[in-house]
Colleague: 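My questions all concern the structure below.
Only this structure's heavy atoms are used, side chains among them; waters, hydrogens and symmetry mates stay out.
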Amino acid sequence: MKEPPPERRLVLGFALALAFLAISGALSFWNARQLVATSELLSHTHRHIVVQEELLARLTEAETGLFGFVLSGDETFLEPYLRATNLVGRLLTELRDLTQDSPVQLSRLAQLEPLIANRLQFIRHRIEVRRQEGMDAAAEWVRKGEGKQTMDAIRRLLGDMTVEEQNLLTEREQISKARAKRTLLVDVAFGGSSLALLAAVFFLLFRENAARQQSERRFRAIFNQTFELVGLLTPQGRLLEANDTALDFVKAKRSEVVDRPFWETPWWSHSRAAQDKLKAAIAEASEGKFVRYEAELPRPDGSMATFDFSLKPVRDVDQQVVLLIPEGREITERKAAERALQQAQEDLEKRVVERTAALANANEALQTEIEDHKHSVIALRDSDQRLRAIFNTAVEGIITIDERGRIETLNSSAERIFGYSAAEIIGKNVSCLMPSPYRDEHDRYIDDYLRTGRPKIIGIGREVVGRRKDGTIFPVDLAVSEVRLADRRIFTGFVRDITERKRAEEKLAELARTLAEKNKELETIVYVASHDLRSPLVNIQGFTKELSRACDKVRSLLSEGSGAAAPSGLTELLAEELPESMSYIQAGVTKMDALLSGFLRFSRLGRAALNIQRLDMSAMLASIGQAMEFQIQQAQASLKLNPLPDCRGDATQINQVFSNLIDNALKYRDPRRPCVIAVSGRAEGGRSTYAVQDNGIGIAREHQAKIFEIFHRLNPSLNEGEGLGLTIAQRVLERQEGKVWVESEPGQGSTFFVSLPAA
């Protein structure tokens with residue numbers, strides 16, 4: 001039978017490749033839709049857990065508000081209870097909507113709702129007892145511990161619901177990961193088949209250059225499939241080539257960056273300092289030196305990634321530097337699992353479009369190569385030289401094996417990692433680089449893959465263990481790719497020694513465990529300070545009042561007596577010494593209670609949820625001025641508000657910061673002149689900076705660094721307070737990417753500056 005002409009075989013090859021691409025796109029789209037559905041279920045489960053935690057937090061706040069009100073009688077302590085009362089109904093409604101798909105959770109919710117209503121009714125009753133009968137009666141109810149069983153039942157039900165949702169979350173995450181893995185395998189299989197057909201067409205057209213084309217495809221595959229960013233430069237810094245990984249990182253086309261100075265390409269154009277450092281590194285490498293440093297490169301979304309960047313010189317036979325090879329390996333910490341899953345979904349949707357564009361580009365490139373056939377020999381020779389230079393100078397170990405597992409090539413890095421020279425290892429089975437039991441299983445893995453086509457490690461990066469020539473076992477990162485040639489296929493392994501990284505990870509894990517233990521100890525201390533230490537204070541305060549009433553009764557009995565003279569010194573003792581001693585005791589109890597309250601409030605800052613939003617600071621400061629109008633008038637002061645730029649932050653906490661700064665300006669005013677407070681602001685460099693300026697007594701230089709320390713007070717004898725205001729302000733701003741500092745001169749006044757992200 002007559003063989004069809006090359007043109008028909010070429011058309012047939014393209015048709016088959018497009019058919020494979022269409023099937024790949026359809027399967028990828030179907031899998032992407034399944035991933036989207038799974039992601040929605042994960043989001044639903046996450047929201048369910050968040051609502052349960054918020055409901056428990058609101059009930060706990062109501063309990064805290066009750067204790068504060070019972071002890072102090074201050075109505076402001078009821079704010080958490082009122083806030084919880086307003087939110088509990090909405091949270092229960094949302095929880096009911098979220099549990100419609102689970103009869104078990106609905107049953108628990110039906111038990112939970114009357115318990116919550118009962119607990120809130122219990123708190124309302126205790127508040128009324130405190131208002132009508134006083135602290136002693138209310139404290140007696142609290143000490144009895146009534147309602148604790150109800151609250152324990154609420155916590156138990158919410159805990160059971162959370163465990164149920166967490167189990168469901170784990171199950172759905174496993175389903176999502178399995179679907180993502182299946183999508184990737186289908187995409188790689190069909191894409192690889194299409195590219196193989198195009199390679200076959202290309203082979204038919206250039207049979208006379210078969211040897212060089214085989215070498216070109218082998219090293220091009222290594223060049224483009226490596227996980228590192230790799231390129232080629234002239235000694236003067238002009239970019240000659242960049243691999244697909246580098247181009248994909250900045251979403252640029254090869255034609256947009258080739259033949260341009262390397263420092264003017266998208267990888268470096270974000271920073272003048274980065275460009276200057278790169279120029280200096282290129283100058284040093286062009287003199288024959290190996291240059292390596294860490295560089296920050298921008299992603300297309302504007303975020304920055306950290307890379308281990310290096311420049312390696314390539315010399316000719318005369319030892320002259322003829323090429324520079326830039327390499328970059330990303331060393332940014334891996335993202336959290338949920339974020340990685342979401343990013344994988346977006347990448348899968350983009351990959352369908354990118355695959356289509358890649359095949360179209362390959363078709364155009366093939367037509368161009370046909371037209372430029374006369375120049376192909378020179379181009380192939382030049383490309384072969386470049387790729388061999390990259391192969392032999394890459395930081396990663398690169399090993400290629402045939403279908404029987406025998407080593408064909410390995411680069412210098414692989415020789416260094418495993419301790420073998422190329423002459424010692426080429427031709428041997430690659431299993432000699434593996435310890436048992438992996439060595440015994442390797443050949444079976446290859447046979448299974450060649451027979452079934454189902455890959456276990458092909459196209460997937462993972463951590464394994466290797467074996468050096470001296471028998472040392474060590475951890476490595478391994479990525480295996482497959483390249484189909486005209487009459488056979490080869491497998492390329494990219495190996496990196498991660499011994500130091502594993503040691504660092506173990507040390508980091510140990511530090512994390514230590515930190516968790518310390519945090520647990522701190523929580524225990526806070527609990528003791530906020531509960532156990534309050535009980536004796538309440539007793540001291542109560543018995544002080546009882547002692548005062550007893551003294552009043554003794555004085556009354558003495559005054560109603562028959563005229564007999566009181567014992568010597570008793571009248572003076574009852575009139576002066578005992579009341580003075582009791583006033584000192586009462587003042588000490590009040591001070592200790594305030595310090596414990598402040599300590600508890602400070603410890604809760606790190607757990608408070610933030611609601612970051614755009615803030616109208618002019619309106620906020622006007623509202624603060626109205627709320628503090630009485631204090632300002634009492635101090636015979638004036639508050640001047642200039643137009644203020646907007647910023648981003650938590651409205652409640654930022655309001656607390658500025659209220660505290662204005663209150664401090666009133667406390668530390670200079671009695672020799674009218675108090676004037678001015679608030680101004682400016683926006684520049686992505687930040688909004690505000691200044692609260694006063695003409696008070698000022699702060700000495702040696703005290704300026706200490707005023708932000710916990711419980712530090714500038715003048716304890718003249719002003720009330722706990723010494724927590726500025727400490728809390730600093731902690732609040734640090735959590736919101738802000739900061740606070742002061743500039744002051746004694747006798748002239750102070751200016752407190754607050755910096756926050758601009759809106």
Colleague: Give the ring-plane orientation class for Phe753 versus Trp741, where under 30° counts as parallel, over 60° as perpendicular and anything between as tilted.
Modeller: parallel
Colleague: Can you give me the closest heavy-atom contact between Ala242 and Leu247, atom names plus distance?
Modeller: O-CD1, 4.0 Å
Colleague: How close do Leu639 and Val679 get, counting heavy atoms only, and between which atoms?
Modeller: CD1-CG2, 4.2 Å
Colleague: Distance-only, no hydrogens or angles: does the Thr245 side chain make a donor-acceptor pair with backbone N or O of Leu229 under 3.5 Å?
Modeller: no
Colleague: Between Lys507 and Glu510, is there a salt bridge with N-O shorter than 4.0 Å?
Modeller: no
Colleague: Atom CD of residue position Glu256 - does it have more than 12 heavy atoms of other residues, nucleotides or ligands inside 6.0 Å?
Modeller: yes
Colleague: Is any NZ, NE, NH1 or NH2 atom of the basic residue among Arg672 and Asp670 found under 4.0 Å from an Asp or Glu carboxylate oxygen of the other?
Modeller: yes
Colleague: Ignoring hydrogens and geometry, is there a side-chain-to-backbone donor-acceptor pair from Trp263 to Gly237 under 3.5 Å?
Modeller: no
Colleague: Check whether Arg260 reaches the backbone of Glu264 with its side chain - one donor and one acceptor, N or O, closer than 3.5 Å.
Modeller: yes
Colleague: When you measure from the side chain of Asn611 to the backbone N and O of Asp650, does any donor-acceptor pair fall under 3.5 Å?
Modeller: no
Colleague: Tell me, with the steps shown, if Glu330 and Arg299 meet salt bridge (Lys or Arg N to Asp or Glu O under 4.0 Å).
Modeller: CA-CA 12 Å; Glu330 186 173 358; Arg299 297 189 180 95; 2.7 Å; yes
Colleague: Would the distance check show the side chain of Tyr690 and the main-chain N or O of Pro645 forming a donor-acceptor pair, the cut-off being under 3.5 Å?
Modeller: yes
Colleague: May I ask you to decide if Val257's main-chain N or O and Thr265's side chain share a donor-acceptor pair within less than 3.5 Å?
Modeller: no
Colleague: Work out which heavy atom in Pro300 is nearest to a heavy atom in Lys251; give both atom names and the distance.
Modeller: CG-CG, 3.5 Å
Colleague: Quick check on Glu294: does its CD atom have over 12 non-hydrogen neighbours (other residues, nucleotides or ligands) under 6.0 Å away?
Modeller: no
Colleague: Is any side-chain heavy atom of Glu327 less than 4.5 Å from a side-chain heavy atom of Phe309?
Modeller: no
Colleague: Decide side-chain contact (heavy atoms from CB on, under 4.5 Å) for Phe307 and Ile331; before the verdict, give the C-alpha distance in whole Å, the side-chain angles of both, and the deciding distance to 0.1 Å.
Modeller: CA-CA 6 Å; Phe307 277 80; Ile331 57 175; 5.9 Å; no
Colleague: Do any N or O atoms from the side chain of Asn243 and from the backbone of Val230 form a donor-acceptor pair under 3.5 angstrom?
Modeller: yes
Colleague: Assess the side chains of Thr306 and Glu296: does a donor N or O sit below 3.5 Å from an acceptor N or O?
Modeller: yes
Colleague: Using only atom types and a distance under 3.5 Å, with no angle test, would you say the side chain of Gln633 pairs donor to acceptor with the backbone of Phe630?
Modeller: no
Colleague: Do Glu743 and Arg701 meet the salt-bridge criterion of a basic N to acidic O distance under 4.0 Å?
Modeller: no
Colleague: Donor-acceptor pair, Arg673 side chain versus Asn695 backbone, under 3.5 Å?
Modeller: yes
Colleague: Do NZ/NE/NH1/NH2 and the carboxylate oxygens of Asp244 and Arg254 come within less than 4.0 Å?
Modeller: yes
Colleague: May I ask you to say whether Arg669 pairs ionically with Asp694, meaning some side-chain N is under 4.0 Å from a carboxylate O?
Modeller: no
Colleague: Counting N and O atoms only, with roles assigned by atom type, does the side chain of Gln613 sit under 3.5 Å from a partner on the main chain of Arg648, one being a donor and the other an acceptor?
Modeller: no
Colleague: Would you say Arg682 and Thr689 are linked by a side-chain donor-acceptor pair, where the criterion is simply a distance under 3.5 Å?
Modeller: no
Colleague: Begin with the C-alpha distance, continue with both residues' side-chain angles, and end with the deciding distance and a verdict on side-chain hydrogen bond (donor to acceptor under 3.5 Å, both in side chains) for Asn655 and Ser659.
Modeller: CA-CA 6 Å; Asn655 185 298; Ser659 297; 3.2 Å; yes
Colleague: Evaluate Arg329 against Asp308 for salt bridge (Lys or Arg N to Asp or Glu O under 4.0 Å), listing each step before the verdict.
Modeller: CA-CA 5 Å; Arg329 180 178 180 85; Asp308 182 1; over 6 Å; no
Colleague: Yes or no on side-chain contact (heavy atoms from CB on, under 4.5 Å) for Leu726 and Leu661, after CA distance, side-chain angles and deciding distance?
Modeller: CA-CA 8 Å; Leu726 292 177; Leu661 293 178; 3.8 Å; yes
